[in-house]
Protein chains: 2
Amino acid sequence: MSSIKDVAKMAGVSVATVSRVLNDKGYVGRDTREKVEKAISELNYKPNEVARSLFKKQSSTIGLIVPDIMNPFFTELARAVEDTASNLGYNVILCNSDGNSKKEQGYLDVLQQNYVNGIIISSNTLTAEQVKAMNMPVVSIDREISRGLPTIVVENKNGAVAATQFLKKKGCKRIAHIRGTHGVVNAEERFEGYKEVVAAEEWYSDSYIVDGDYDMQTSVEATLDLLKRHPEVDGIFAANDIMAIGAIKVAHQLGIKIPEQLSIVGFDGIALTNVLTPELTTIAQPIYELGETAMNMLVGLMGQQPVHETYYKLEVTLIEKNST
Amino acid sequence: MSSIKDVAKMAGVSVATVSRVLNDKGYVGRDTREKVEKAISELNYKPNEVARSLFKKQSSTIGLIVPDIMNPFFTELARAVEDTASNLGYNVILCNSDGNSKKEQGYLDVLQQNYVNGIIISSNTLTAEQVKAMNMPVVSIDREISRGLPTIVVENKNGAVAATQFLKKKGCKRIAHIRGTHGVVNAEERFEGYKEVVAAEEWYSDSYIVDGDYDMQTSVEATLDLLKRHPEVDGIFAANDIMAIGAIKVAHQLGIKIPEQLSIVGFDGIALTNVLTPELTTIAQPIYELGETAMNMLVGLMGQQPVHETYYKLEVTLIEKNST
DNA sequence: CTTCATTAGGTAACCGGTTACACATTCAAT
DNA sequence: ATTGAATGTGTAACCGGTTACCTAATGAAG
């Protein structure tokens with residue numbers, strides 16, 4: 001690898017001049033510029049970003065910490081963040097925390113040491129203190145860490161209300177709910193939305209709520225349990241799509257027809273929902289937009305530009321397919 | 001952010017000593033070490049990795065270039081690579097090339113400038129020259145760039161043969177094939193495997209082959225076309241799972257029963273296959289192992305340790321579910 | 001009492017860039 | 001002819017670490 005010194009030597013100028021050519025900064029004579037450019041292309045010289053970062057204290061890299069990239073929601077989010085970052089000239093370091101706070105803190109340390117300019121994170125366990133200790137812009141996505149910190153979330157409660165009301169409107173008489181992971185804010189909010197709609201119904205009891213863990217396996221178990229206890233259930237609102245899919249699988253196994261006997265609504269709007277048969281009715285989040293907004297906000301914060309708005313609560317949309 | 005100088009000052013020693021404590025290298029007295037450690041924790045000092053990288057010419061970061069993280073195959077691969085990298089103390093910069101060679105080269109440049117230690121890439125367009133120009137270890141995964149370069153692929157042809165023979169054994173009389181993207185080596189190999197099995201059949205003609213592009217949309221169109229021209233088809237081998245799923249969707253639409261009237265086999269073994277109804281019979285690649293092996297090989301190459309083996313062709317496994 | 005190996009720790013060069021500052025030249029305006 | 005602004009380029013400090021090299025003290029062996 002040739003360095004700026006090699007270029008300088010070959011062009012017969014000082015490194016400062018080469019740097020000026022490189023950055024198009026300061027005065028450089030016509031001839032000199034040409035000589036330098038010739039040397040650069042002849043040596044196929046590429047400036048060393050590490051050296052640059054060291055001086056600038058800016059690495060043009062950001063960290064993205066998600067629980068698990070295998071979760072389709074975060075896959076799409078990651079893609080959105082990476083696209084936007086790439087367009088703006090940033091690199092993305094990918095980190096899978098598995099929702100484990102030890103791993104999370106480990107990644108935070110590593111990112112800090114690598115001079116990343118900022119972080120986008122989806123975490124339940126992170127505290128406001130930890131964020132402050134990072135001493136760099138951190139945007140929280142999908143889950144709110146603390147009021148006042150840059151955050152991008154969606155209308156979880158409204159979405160849940162819409163989902164539940166939609167089931168009611170479709171004629172469902174007994175609507176159950178598969179909850180998301182306990183302790184996760186968005187799961188609580190979706191639960192609240194559900195409860196708000198059904199709490200006043202005369203048939204309602206807490207036994208229509210079962211616990212899932214935002215994944216397939218737990219949802220399958222929860223649904224089996226639910227339908228055993230309440231065979232009369234004719235509508236299920238699952239707190240995310242993966243769990244809704246689990247519920248569909250169970251219904252299939254039990255020979256319950258969807259949507260004739262049982263209607264199911266999910267939440268998230270992951271790409272997977274269109275691949276299934278039946279396709280899933282869901283409350284779609286603008287996932288790509290979430291990632292894009294987060295990245296744009298982060299860039300604003302990193303550039304110490306005045307950032308107008310550091311809290312976004314994006315709208316969700318009911319998308320009707322044939323699971324209802 | 002406090003630097004090594006602050007620590008040195010606080011502990012009343014030179015920066016060299018602090019560095020020795022940090023790296024546990026060279027001689028450091030008991031008391032001195034304690035003083036330094038106290039200063040470190042008091043200042044919450046974390047060494048600057050950028051400065052370190054500059055000197056070491058090693059950034060402890062690798063690049064991962066995939067066509068699209070949204071493709072479940074690459075999602076799982078990315079997860080495997082990141083897990084392994086993280087365990088070995090490396091960061092992963094994620095790059096989505098969209099199979100676009102311009103984007104690819106752009107990422108390669110950026111990665112090189114960022115002093116990444118190595119690259120794992122899945123590309124059709126990359127040439128051996130480009131790889132050589134990178135002047136750093138590059139491991140090619142899923143697709144072979146050129147003999148001699150570090151590569152990790154699977155037994156595509158054998159897998160395709162197994163899939164096709166399996167359909168035959170299941171009693172299928174007319175077996176069609178949905179091809180993968182033209183120009184992609186693994187698509188060619190899978191096609192060859194299919195052809196090897198059916199070429200000698202008396203019913204066989206090239207019209208049983210339709211072109212897909214490794215995605216849902218093209219597969220749906222291709223399958224519609226296929227089944228219109230050849231309603232007698234009772235077995236389909238799709239070159240990947242996503243396309244197989246597309247075929248299943250079409251069958252559903254046309255009221256064709258799976259597996260009674262039509263059997264379908266995919267290729268890849270993405271997690272999605274277990275989520276569907278019916279679950280998909282597929283030729284499963286050891287995706288996680290692919291990523292793991294690639295990362296381990298890369299670390300070997302980066303550490304200029306003698307790497308025994310730079311070419312892996314991993315086995316695939318037929319997983320029978322209820323789409324056949 | 002030397003002598004030399006071992007331990008301890010400081011000084012400064014180096015990694016590859018950027019940029020403040022100094023110095024020189026050119027040229028238009030007075 | 002004088003002056004000052006604009007232009008062009010080099011020198012060297014700096015970013016925050018690592019490490020080669022040097023000096024000094026200690027202690028065991030001869």
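In what follows, every chain begins at residue 1, and chains take the letters A, B, ... in the order their sequences are listed.
- Within 4.0 Å of B:Ser19, counting heavy atoms only, lies at least one base atom of the nucleic acid.
- A:Lys25 places its NZ atom 15 Å from the P atom of C:dG17, with the value rounded to the nearest Å.
- Looking at A:His182, A:Glu144, A:Arg143 one by one, the single match for side-chain hydrogen bond (donor to acceptor under 3.5 Å, both in side chains) with A:Asn124 turns out to be A:Arg143.
- Rounded to an integer number of Å, the gap from CD of A:Gln58 to C1' of C:dT18 is 14 Å.
- OP1 or OP2 of C:dC15 has not a single side-chain nitrogen or oxygen of A:Asn48 nearer than 4.0 Å.
- For D:dG16, neither phosphate oxygen OP1 nor OP2 lies less than 4.0 angstrom from any side-chain nitrogen or oxygen of B:Ser3.
- Under a 4.0 Å N-O distance rule, the pair A:Asp31/A:Lys35 does not qualify as a salt bridge.
- Between A:Phe55 atom CZ and D:dA13 atom P there is a gap of 14 Å when expressed in whole angstrom units.
- Judged by distance alone, the side chains of B:Tyr45 and B:Asp6 never bring a donor and an acceptor atom under 3.5 Å apart.
- Applying the 4.0 Å criterion to OP1 and OP2 of C:dG9, one finds that B:Thr17 has every side-chain N and O outside that range.
- In this model, the phosphate group of C:dT19 is not approached by any side-chain N or O of A:Lys56 to a distance below 4.0 Å at OP1 or OP2.
- Backbone-only engagement by B:Thr32 is indicated by non-hydrogen atom pairs under 4.0 Å involving sugar-phosphate atoms exclusively.
- Note on B:Tyr27: a side-chain N or O is less than 4.0 Å away from OP1 or OP2 of C:dT7.
- Summarising the geometry, the separation between CG on A:Asn23 and P on C:dA20 is reported as 12 Å, rounded to the nearest angstrom.
- The side chain of B:Lys57 places no N or O atom within less than 4.0 Å of a non-bridging phosphate oxygen (OP1 or OP2) of C:dC14.
- Minimum atom distance to the side chain of B:Arg52 is reached by D:dT18, of the listed C:dG10, D:dT18, D:dC15.
- Listed nucleotides C:dG16, C:dG9, C:dG17 differ in distance to A:Tyr45; the shortest reach to its side chain belongs to C:dG17.
- One N or O donor and one acceptor, one from the side chain of B:Arg20 and one from the base of C:dG10, sit under 3.5 Å apart.
- When heavy atoms are screened at a 4.0 angstrom cut-off, A:Val13 is found touching the sugar-phosphate backbone but no base atom.
- Closest to the A:Ala16 side chain, of the nucleotides D:dT9, C:dT19, D:dG16, is C:dT19.
- Rounded to whole Å, the distance from CD on B:Glu49 to C1' on D:dG16 is 11 Å.
- Nucleotide C:dG16 holds its P atom 14 Å from the CD atom of B:Gln112, rounded to whole Å.
- Using a 4.0 Å heavy-atom distance criterion, B:Val28 is classed as a sugar-phosphate-only contact.
- To the nearest 0.5 Å, atom CG of residue B:Leu126 and atom CD of residue B:Glu104 are 5.5 Å apart.
- Judged by distance alone, the side chains of A:Ser53 and A:Gln58 never bring a donor and an acceptor atom under 3.5 Å apart.
- Using a 4.0 Å cut-off between charged nitrogen and carboxylate oxygen, A:Lys38 and A:Glu34 do not count as a salt-bridge pair.
- Of the candidates D:dC15, C:dG17, D:dG17, the closest approach to any side-chain atom of B:Pro47 belongs to D:dG17.
- Note: CG (A:Leu54) to C1' (D:dT18) measures 13 Å, nearest angstrom.
- Going from atom CG of B:Asp24 over to atom P of D:dT18 covers 12 Å, rounded to whole Å.
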